[in-house]
S.K.: 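Let me give you the structure first, and then I'll get to my questions.
Numbered from 1 within each chain, the chains take letters A, B, ... in sequence-line order. Note that the structure is predicted; figures quoted are calculated from it, not measured.
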Amino acid sequence: MNEKAVKTRFAPSPTGALHLGNLRTALFNVLLARRHGGTFLLRIEDTDRERYRPEAAEALMADLRWLGLEWDEGPGCDGGLGPYCQHDRGGIYAEYYRRLEESGAAYSCFCTPRELELARRAQRAAGRPPRYPGTCARLSADQVAARLEAGERPTLRFRVPPGREVVFEDLVHGPQRFATDDLGDFVIRRGDGTASYLFANAVDDALMGITHVLRGDDHLTNTPRQALVLEALGLTPPRYGHMGLMLGHDGAPLSKRNGSRSVADLRGEGFLPEAVLNYLARVGHAYEEDRLLDLDRLAAGFDAGRLGAGPSRFDAVQLRRWQGEAVQAAAGDRLQAWMGVDDGVPADRIAAFVEAIRPNVLFPAEAREWAEILFGEDPPWEEEALKAVREAGPEMFAAALAAVEASGARMDAITARVKEQTGTKGRRLFLPLRAALTGRCSGPELQPLAPLMGPEGVARRLRRARRVAEEDAGESAC
RNA sequence: GUCCCCAUCGUCUAGCCGGCCUAGGACACCACCCUUUCAAGGUGGCGACACGGGUUCGAAUCCCGUUGGGGACGCCA
């Protein structure tokens, strides 16, 4: 792309939570703008009063901010081309509707939803494509006036010119060509006077100076309609790039059932924004670098020409992989806040605690489990751990206890003593100790864990293990 | 039904104008190494050009068809 000023946008409709699929298109538009030093605009497409949810727009913006996807222009960030909520743009649209009506490019349609539905059903049944039959396309001015007089509330329909071809160059698909004869006349203004998507979205892109739009493949066939509207208005359309949709892990459209989650869900689970971003940036786009990249580097490596045309599937395993990278890379104090273990970990040991468990946790919930294991009074046993302790026998823990009395909570002293007195080594040495101290067979390195628990904590756990091992010995003796 | 899009390892993908591909990487998986445990790390392995025709000296790469998936055809966006 060599255009001077690239301007992209994200234009969600506030009908619900921001989901992974939408977020990905937002991300790519941010990346494209940043890559070229351009601007990224946010526009709220809230023309549908039926589905509009007032809190959704705020939530959406909060989600974008959480991810670091700030907009250069949009709500709360006036660039002189607002307003940026379509609900507030009715006055602007009115002028363009007037022009379309005047030139005959649009006409009033009095068909009711019921009639239209019936017509569509009949067409389908007859094996024909369901398209507006043109019932109102040739109403005379008098007829229209009379029906308006009678109180009918028509929609405004765009008159698709017959026998033409609309051609455009898609950023990811290359040259595209559509016959207007395959397009039915479509509604550009609802009966209640609000603007429909096909109209508002296209007009606003042009009015707001958008140069590039990256959107889902599902919009590819909308493009010729939008191009026609803009052409009739003498406005310049942006260049479009339609990327393959992100599907669920089963290949079906993304839904709750097959992996789709909202940004709010992800945040609630403890996903780090950079993990989400790094994952999504690689779905439908490839990076040379397969390590965690910040937004600037993600932008630097972004190339709209490398966007995939084919669909891709959501994969939770890969998302988790990036989460792992993000946790390892995060600064200690941020991780501390993220873990939220201030209540369960003594203040003077919290920093060391964070570093000790960092390699072994993906989510705050796991951090809290480790806090409970290390600092709780009576941490729970895992079955395998209990087994390991019983098999080890009480002598091992007695020896460990002696080491703690002599040298404190030091793993090296403990293992040396136990090895010396019982002759165990390797897995048979470490596993029972790990089990005794943590109640688990796997986890963070023991070396830094012991000092965190302190001599008292270590001793208490060793006594508990010895007791359990003794009970077991007694039982077997019977 | 009409129109449109897509098709490389299990997943994300590299492969853009055909030869440098006995198809590369990452994640996952498996094995080994390392570490007196688990994990991390290191090394290696498993593993794909949907199918059928063309074009060509030569095709994953170009063309056609088949199959499969997706989308649009809404007073949703």
Side-chain angles (χ1 to χ4, degrees), chain A residues 11-13 15 22 45-48 50-51 109 111-113 116-117 120 123-132 153-157 170 172-173 176-179 181-184 186-198 200-201 215-225 242-247 249 251-253 279 281-291 305-306 308-322 324 328 358-360 388 412 415-416 418-419 424-435 438 440-446:
Chain A
S13 76
T15 54
N22 267 176
E45 308 220 322
D46 53 355
T47 59
D48 185 354
E50 304 273 306
R51 304 205 307 152
C109 171
C111 298
T112 65
L116 293 168
E117 178 52 35
R120 274 193 291 270
Q123 287 168 324
R124 267 185 226 275
R128 292 204 312 278
R131 281 205 274 276
Y132 182 63
R153 321 241 56 194
T155 61
L156 190 64
R157 248 176 222 283
D170 189 275
V172 349
H173 291 278
Q176 298 294 308
R177 176 177 292 271
F178 290 89
D181 288 343
D182 292 325
L183 272 26
F186 52 93
V187 171
I188 56 176
R189 186 178 63 203
R190 303 188 183 93
D192 65 5
T194 59
S196 76
Y197 168 78
L198 255 12
N201 180 265
R215 44 164 31 171
D217 238 350
D218 50 341
H219 288 292
L220 188 54
T221 51
N222 283 331
T223 309
R225 288 175 243 269
H242 294 92
M243 44 195 191
L245 259 22
M246 183 162 71
L247 272 21
H249 59 70
Y279 169 63
R282 289 170 172 84
V283 177
H285 186 280
Y287 279 89
E288 307 254 331
E289 196 78 62
D290 55 24
R291 278 193 297 279
R306 294 178 67 110
S312 40
R313 301 181 180 207
F314 170 77
D315 183 0
V317 175
Q318 310 222 36
L319 210 208
R320 288 171 64 89
R321 177 261 164 130
W322 290 107
Q328 296 327 305
R358 176 204 287 267
N360 292 268
D412 54 349
T415 52
V418 173
K419 190 176 177 184
T424 55
K425 59 180 180 179
R427 184 183 170 84
R428 294 173 59 79
L429 165 64
F430 265 78
L431 203 65
L433 287 176
R434 168 178 291 286
T438 68
R440 297 189 172 191
C441 288
S442 70
E445 234 180 299
L446 286 177

S.K.: When rounded to the nearest 0.5 angstrom, what distance separates CZ in A:R120 from CZ in A:R128?
M.R.: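 That separation rounds to 14.0 Å.
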S.K.: Please determine, for the side chain of A:T221, which listed nucleotide (B:C75, B:G71, B:C12) has the closest atom?
M.R.: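 Selected nucleotide: B:G71.
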S.K.: If you measure from the P atom in B:C32 to the same atom in B:C46, how many Å do you get, rounded?
M.R.: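 About 16 Å, rounded to a whole number of Å.
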S.K.: Is the distance from OP1 or OP2 of B:C75 to the nearest side-chain N or O of A:R157 less than 4.0 Å?
M.R.: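 Yes, because at least one side-chain N or O of A:R157 sits under 4.0 Å from OP1 or OP2 of B:C75.
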S.K.: Does B:A59 have a Watson-Crick or wobble partner in any strand here, with both distances under 3.5 angstrom, and which is it?
M.R.: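 The base-pairing partner of B:A59, which may sit in any strand shown, does not exist here.
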S.K.: With sugar-phosphate meaning primed atoms plus P, OP1 and OP2, does A:T47 contact a base, only sugar-phosphate, or nothing at under 4.0 Å between heavy atoms?
M.R.: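 Answer is sugar-phosphate: A:T47 comes under 4.0 Å of backbone atoms only.
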S.K.: Measure the CE-CZ distance between A:M246 and A:R313 for me, rounded to the nearest 0.5 Å.
M.R.: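 Reported value, rounded in 0.5 Å steps: 13.0 Å.
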S.K.: Given the C1' atoms of B:A60 and B:C49, what is the spacing between them in whole Å?
M.R.: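 It comes out at 4 Å once rounded to the nearest Å.
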S.K.: Between B:A14 and B:C57, how far apart are the two C1' atoms, rounded to whole Å?
M.R.: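 The answer is 28 Å between these two C1' atoms.
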S.K.: Can you tell which of B:C73, B:C3, B:U13 lies closest to the side chain of A:D182?
M.R.: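 Side chain of A:D182 sits closest to B:C3.
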S.K.: Find the partner of B:A7: check Watson-Crick (N1-N3 plus N6-O4 or O6-N4) and G-U wobble (N1-O2, O6-N3) distances, both under 3.5 Å, and reply none if neither fits.
M.R.: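 By the stated definition (distances under 3.5 Å), B:U67 pairs with B:A7.
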S.K.: Measuring only the C1' atom in each nucleotide, how far is B:G58 from B:C3? A whole number of Å is fine.
M.R.: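 It works out to 37 Å between them.
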S.K.: Pick the nucleotide of RNA chain B nearest each of A:R51 and A:Q176; which residue has the one closer to the 5' end?
M.R.: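 Looking at RNA chain B, the more 5' nearest nucleotide goes with A:Q176.
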S.K.: Judged by each residue's nearest nucleotide on RNA chain B, which is more toward the 5′ side, A:V317 or A:H173?
M.R.: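 Closer to the 5' end of RNA chain B: A:H173.
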S.K.: Quick one: does any side-chain atom of A:T415 pair with a main-chain N or O of A:D412 as donor and acceptor, under 3.5 Å?
M.R.: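 Here the side-chain-to-backbone pair exists.
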S.K.: Just to be sure I understand the rule, does A:G244 reach a base, reach only the sugar-phosphate, or reach nothing, if contact means heavy atoms closer than 4.0 Å?
M.R.: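 Nothing, no heavy atom under 4.0 Å.
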S.K.: Does A:H219 reach a base, just sugar-phosphate, or nothing at all? Heavy atoms under 4.0 Å.
M.R.: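 Touches a base.
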S.K.: Both distances below 3.5 Å, Watson-Crick or wobble geometry, any strand: find the nucleotide opposite B:G1.
M.R.: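 Base partner found: B:C73.
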S.K.: Look up atom CG in A:L156 and atom CD1 in A:I188, then write down how far apart they are to the nearest 0.5 Å.
M.R.: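 Going from the CG atom of A:L156 to the CD1 atom of A:I188 covers 4.0 Å.
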S.K.: Using a heavy-atom cut-off of under 4.0 Å over every strand shown, decide if A:R124 touches base, sugar-phosphate, or nothing.
M.R.: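 Base contact.
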S.K.: A:T112 side chain N/O closer than 4.0 Å to the phosphate oxygens (OP1, OP2) of B:C75?
M.R.: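 For B:C75, neither OP1 nor OP2 has a side-chain N or O of A:T112 closer than 4.0 Å.
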S.K.: So, under a plain 3.5 Å distance rule, would you say the side chain of A:R313 forms a donor-acceptor pair with the base of B:U11?
M.R.: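 Answer is no: no donor-acceptor pair is held.
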S.K.: Could you please name the option among B:C12, B:C38, B:A77 that lies closest to any side-chain atom of A:Q318?
M.R.: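 Closest nucleotide among those given: B:C12.
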S.K.: Show, in sequence, the C-alpha distance, side-chain angles and deciding distance for A:R131 and A:D182, and conclude whether the side-chain contact (heavy atoms from CB on, under 4.5 Å) test is met.
M.R.: CA-CA 9 Å; A:R131 281 205 274 276; A:D182 292 325; 4.2 Å; yes
S.K.: Any N or O donor-acceptor pair under 3.5 Å from the base of B:A28 to the side chain of A:D315?
M.R.: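 Answer no: no donor N or O sits under 3.5 Å from an acceptor.
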S.K.: What nucleotide, of B:G71, B:U36, B:A77, holds the atom closest to the side chain of A:T415?
M.R.: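 The answer is B:U36.
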S.K.: Mind checking the P distance from B:G24 to B:A50? Whole angstroms is fine.
M.R.: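 Straight-line distance between the two P atoms is 16 Å.
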S.K.: Considering only side-chain heavy atoms of A:E45, which listed nucleotide, B:C4, B:A77, B:G25, is closest?
M.R.: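 Closest nucleotide among those given: B:A77.
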S.K.: Among B:G71, B:C3, B:G74, which nucleotide sits nearest the side chain of A:L245?
M.R.: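 Closest nucleotide among those given: B:G71.
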S.K.: Which nucleotide sits closest to the side chain of A:P311: B:U36, B:C6, B:A77?
M.R.: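 Shortest atom-to-atom distance from the side chain points to B:C6.
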S.K.: If the C1' atom of B:C9 is compared with that of B:U2, how far apart are they to the nearest Å?
M.R.: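 Those two atoms are separated by 37 Å.
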S.K.: Taking the side chain of A:P113 as its heavy atoms from C-beta onward, which of B:C75, B:C4, B:A77 lies nearest to it?
M.R.: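 For A:P113, the side-chain atoms sit closest to B:C75.
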S.K.: Does B:G74 have OP1 or OP2 sitting under 4.0 Å from an N or O in the side chain of A:S196?
M.R.: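 So the side-chain polar atoms of A:S196 never come under 4.0 Å of the phosphate oxygens OP1 or OP2 of B:G74.
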S.K.: Scan every strand shown for a Watson-Crick or G-U wobble partner of B:G18, both distances under 3.5 Å, and answer none if you come up empty.
M.R.: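 Checking every strand shown, B:G18 finds no partner, since no pair has both distances under 3.5 Å.
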S.K.: Name the closest nucleotide to the A:R434 side chain, picking from B:U37, B:C75, B:G70.
M.R.: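 The nucleotide sitting nearest to the side chain is B:U37.
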S.K.: Quote, to the nearest angstrom, the C1' distance that separates B:C34 from B:C17.
M.R.: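 About 48 Å, rounded to a whole number of Å.
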S.K.: What nucleotide, of B:U13, B:U37, B:G70, holds the atom closest to the side chain of A:L431?
M.R.: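 Side chain of A:L431 sits closest to B:U37.
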S.K.: With heavy atoms under 4.0 Å as the rule, sort A:P253 into base, sugar-phosphate or nothing.
M.R.: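 The residue A:P253 makes sugar-phosphate contact but no base contact.
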S.K.: For B:U8 and B:G25, measure between their C1' atoms and round to the nearest Å.
M.R.: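 So the two C1' atoms sit 13 Å from each other.
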